[in-house]
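Notes to accompany the following structure.
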Amino acid sequence: MKFDARKYRKFVEKDFEEAWRKGREILSPKNPNLLYPRYGYIHGEEHPLFRTINDLRKAYLALGFKEVVNPLIVEDVHVKRQFGKEALAVLDRCFYLASLPKPNIGISKEKVARIGGIIDRGVTNSEVSSLQRIFHSYKKGKIDGDDLSFEIAKTLNIDDITAVRILDEVFPEFKEISPKVSSLTLRSHMTTGWFITLSKIASKLPLPIKLFSIDRCFRKEQGEDATRLYTYFSASCVVVDEEVSVDEGKAVAEALLRQFGFKKFKFKPDEKRSKYYIPGTQTEVFAFHPKIVGSSTKYKDGWIEIATFGIYSPTALAQYDIEYPVMNLGLGVERLAMILYDYSDVRELVYPWLYGRIELSDMDIARAIKVAEVPNTVTGLKIASAIAETAERYASERSPCEFLAWEGELYGKDVKVYVVEKEPNTKLCGPAYANEVVVYQGSVYGVPRTEKWREHFEHGVSTGMRYIDSFAYLAAKQIEEGAARGKDVEVRVRVVEGLSDVNLRIQDNVRTYITSKGGKIDVRGPMFVTVKAEIA
């Protein structure tokens, strides 16, 4: 019978959506991590910076702090009020916000003629009046810049691309405008936001008030380098009460940092002495972490400066009518993450793909290993599951032997699927049939779940795919095609020498990464499994 590709495609398209929807339900319980075999793992991976942020949020919440969002865009007057005579030095490190002023747009006879040349017809007086109204509304802020081309296109009954061309070629006013600086700044210190927030709530909430915020700050550095970026995350908190002291800051610092494995603490006066703190209260927190003892960093003795706290000056608080004392503690999230995840360059931590430190975890590698050929129907997935279960149930039966794995209808044909072994004096399946593909320390292995390989499974990442599972998908796919053709099918695998022998593949760039790091792909072993399908 001649293979009808169109008929086969019709069957596939009909069942594929249902197969995708139900695929997870009928996969073997041995493969719980697969949504659908072609697409691999459904697990994601956190960025270490945001993992640290999440851990800090949990740590603050565990200490009874309430999370808030402080203003990010602030008027420069707040910096002046908080820093007094030092405000200029602080503002020199702030990013000011600028915007494009809206130009006055006139429509002369020359411009009308040029518009007509672009749209290849004359422009009516009514259309000119409508364009004038559009530009006037734009000037007044009633129409946004991203809606301007749409409004012109609608008025002239043209497409958006032509409208953009008109703006570009007829109205040079848009090209000539330059940004105009405002008095708005991007917050450079979380303190700037705390004063604004506390001015609204300090007299309204019951004492003590314990708040925290983890958010971005922006600072105009001379340039980005291994220790500083233009934007960073500050993990900051405040305690407002009738009486707060330096001891309050020490207690919060210790309670917070102990949750990250820091064991011992030292507190030293901070020589920077910010004007918004009471003199003598600004304190640097040094913490001991056993992870960095003897490391290649400058903190070989295990001590590192990790946070700063102080008591806000009554003079600065009075500028905002805040009548209660306030303790403020803050730490840089990137600094903490660099310690916890062993980075010496903040750029590599935050932007690893830009600064050359791309490291694939075992999870990354496992996600890059996928099944090469999969069935396209729900029935095909059921056949694959039945093949794997039958092989596992009767693997040690002496040969010659055959076992019915599945029987039913596929593409209008009666189909019987068997797992067989024709050669005498052996077993239904070879000893490697249940080997599982696992990634361990940057290498890929095909090994059984035995005591010998326990370390690989406990500390590596399993793909959840045994040789028999991925092979069963290939067999089921070929059985589908055989049913469409009306021909019997026999699929076999003997000695496995690589991933492709068991219907698995790995992305080429990941394969290159593994070998470049000195890893290996060791997927092999005697499998000796045969599947046949009788199609009537």
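All of these numbers come straight from a predicted model, not from anything done at the bench.
- The stretch residues 53-76 participates, sequence neighbours left out, in these ring pair (Phe, Tyr, Trp, His ring centres under 6.0 Å) pairs: Tyr60-Phe65, Tyr60-Phe212.
- A side-chain N or O of Tyr312 and one of Thr191 form a donor-acceptor pair less than 3.5 Å apart.
- Proximity of Thr231 to Leu186: side-chain heavy atoms (C-beta onward) are nowhere separated by under 4.5 Å.
- Sorted by first and then second residue, the salt bridge (Lys or Arg N to Asp or Glu O under 4.0 Å) pairs with a member in residues 105-114 read Lys111-Glu173; sequence neighbours excluded.
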### Task
Please test Leu211 against Leu198 for side-chain contact (heavy atoms from CB on, under 4.5 Å), starting from the C-alpha separation and ending with a verdict.
CA-CA 10 Å; Leu211 308 175; Leu198 292 176; 4.1 Å; yes

### Query
Stepwise, does the side-chain contact (heavy atoms from CB on, under 4.5 Å) test hold for Ile105 with Phe174?
CA-CA 9 Å; Ile105 306 296; Phe174 290 102; 3.9 Å; yes

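- A donor-acceptor pair under 3.5 Å links the side-chain atoms of Ser182 to the main chain of Leu97, judged by distance alone.
- Checked against side chain to side chain contact (heavy atoms under 4.5 Å, CB included), Ala98 has the following partners two or more places apart in sequence or in another chain: Pro179, Val181.
- By the side chain to side chain contact (heavy atoms under 4.5 Å, CB included) test, Asp501 pairs with Val496, Glu497, sequence neighbours left out.
- Looking at Arg51 and Tyr341, their side chains come closer than 4.5 Å, going by heavy atoms from C-beta outward.
- Contact record, Ala384 with Tyr473: CB-CD2, 3.7 Å, taken as the closest heavy-atom pair.
- In the model, Glu127 has no side-chain atom that pairs as donor or acceptor with a side-chain atom of Thr155 under 3.5 Å.
- Using a distance-only test at 3.5 Å, with no hydrogens or angles considered, a donor-acceptor pair links the side chain of Asn503 to the main chain of Glu373.
- His47 and Leu349 get closest at one heavy-atom pair: CE1-O, 3.1 Å.
- If you take CZ on Arg165 and CD1 on Ile118, they are separated by 5.0 Å, rounding to the nearest 0.5 Å.
- The number of heavy atoms from other shown groups lying within 6.0 Å of CG (Asn509) is above 12.
- By the salt bridge (Lys or Arg N to Asp or Glu O under 4.0 Å) test, Glu86 is found to be paired with no residue, residues two or more places apart in sequence or in another chain being considered.
- Here the OG-NZ distance, from Ser313 to Lys275, works out to 9.5 Å after rounding to the nearest 0.5 Å.
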Under 3.5 Å, which donor-acceptor pairs link side chains of residues 131-151 to any protein atom two or more places apart or in another chain?
unit_1: Arg133; atom_1: NH2; unit_2: Ser130; atom_2: OG; d: 3.0
unit_1: Ser137; atom_1: OG; unit_2: Arg133; atom_2: O; d: 3.0
unit_1: Lys139; atom_1: NZ; unit_2: Lys102; atom_2: O; d: 2.6

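- No donor-acceptor pair under 3.5 Å is formed between the side chain of Gln282 and the backbone N or O of Glu271.
- Only one option out of Val438, Val510, Ile521, Thr463 pairs with Ile369 in a side-chain contact (heavy atoms from CB on, under 4.5 Å); it is Thr463.
- Contact between Arg335 and Glu305 at its shortest, heavy atoms only, is NE-O, 2.5 Å.
- Note on residues 214-226: pairs passing salt bridge (Lys or Arg N to Asp or Glu O under 4.0 Å), not counting sequence neighbours, are Arg93-Glu221, Arg187-Asp215, Glu221-Arg228, Asp225-Arg228.
- Within a 6.0 Å sphere centred on CD of Gln222, heavy atoms belonging to other residues, nucleotides or ligands number 12 at most.
- Expressed to the nearest 0.5 Å, how far CD1 of Ile73 lies from CG of Leu184 amounts to 7.0 Å.
- Judged as a ring-ring contact (aromatic ring centres under 6.0 Å, His included), and not counting sequence neighbours, Phe218 has no contacts.
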### Message
For His189 and Val90: C-alpha separation, side-chain torsions, deciding distance, then whether side-chain contact (heavy atoms from CB on, under 4.5 Å) applies.
### Response
CA-CA 9 Å; His189 299 72; Val90 176; 3.9 Å; yes

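- In this view, Arg81 satisfies the salt bridge (Lys or Arg N to Asp or Glu O under 4.0 Å) rule with no residue, not counting sequence neighbours.
- Remark: side-chain polar atoms of Ser385 are not paired, donor with acceptor, to backbone N or O of Lys382 under 3.5 angstrom.
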### Task
Would you sort out whether Val252 and Lys210 count as a side-chain contact (heavy atoms from CB on, under 4.5 Å), showing the intermediate values?
CA-CA 11 Å; Val252 172; Lys210 298 166 64 178; over 6 Å; no

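- The nearest pair of heavy atoms linking Ile322 to Ser199 is CD1-N, 3.8 Å.
- Ring geometry, His78 versus Tyr320: the interplanar angle falls under 30°, so the pair is classed parallel (tilted spans 30 to 60°).
- Side-chain contact check for Val68 versus Ile201: every heavy-atom pair is 4.5 Å or farther apart.
- For Ser361, the side chain to side chain contact (heavy atoms under 4.5 Å, CB included) criterion is met by Glu45, Met363, Asp364, not counting sequence neighbours.
- Atom CE in Met190 sits 4.5 Å away from atom OG in Ser234 (nearest 0.5 Å).
- Partners of Phe471 under the ring-ring contact (aromatic ring centres under 6.0 Å, His included) rule, at least two apart in sequence or in another chain, do not exist in this structure.
- Side-chain atoms of Glu480 and Thr377 include a donor-acceptor pair closer than 3.5 Å.
- Between Val502 and Val437, the closest side-chain pair of non-hydrogen atoms is not below 4.5 Å.
- No side-chain heavy atom of Asp55 sits less than 4.5 Å from a side-chain heavy atom of Leu336.
- To the nearest 0.5 Å, atom CG of residue Asp270 and atom OG1 of residue Thr308 are 5.0 Å apart.
- Tyr232 contributes no side-chain N or O that, together with a main-chain N or O of Gly332, makes up a donor-acceptor pair within less than 3.5 Å.
- The two residues Ile214 and Val333 come nearest to each other via the heavy atoms CG2-CG2, 4.1 Å.
- Using a 4.5 Å heavy-atom threshold, the side chains of Lys520 and Ile514 count as separate.
- The nearest pair of heavy atoms linking Cys217 to Ser188 is CB-O, 3.8 Å.
- Residues passing the salt bridge (Lys or Arg N to Asp or Glu O under 4.0 Å) test with Asp168, sequence neighbours excluded: Lys175.
- When side chains are defined from C-beta on, Tyr277 counts as touching Asn328, because their heavy atoms get closer than 4.5 Å.
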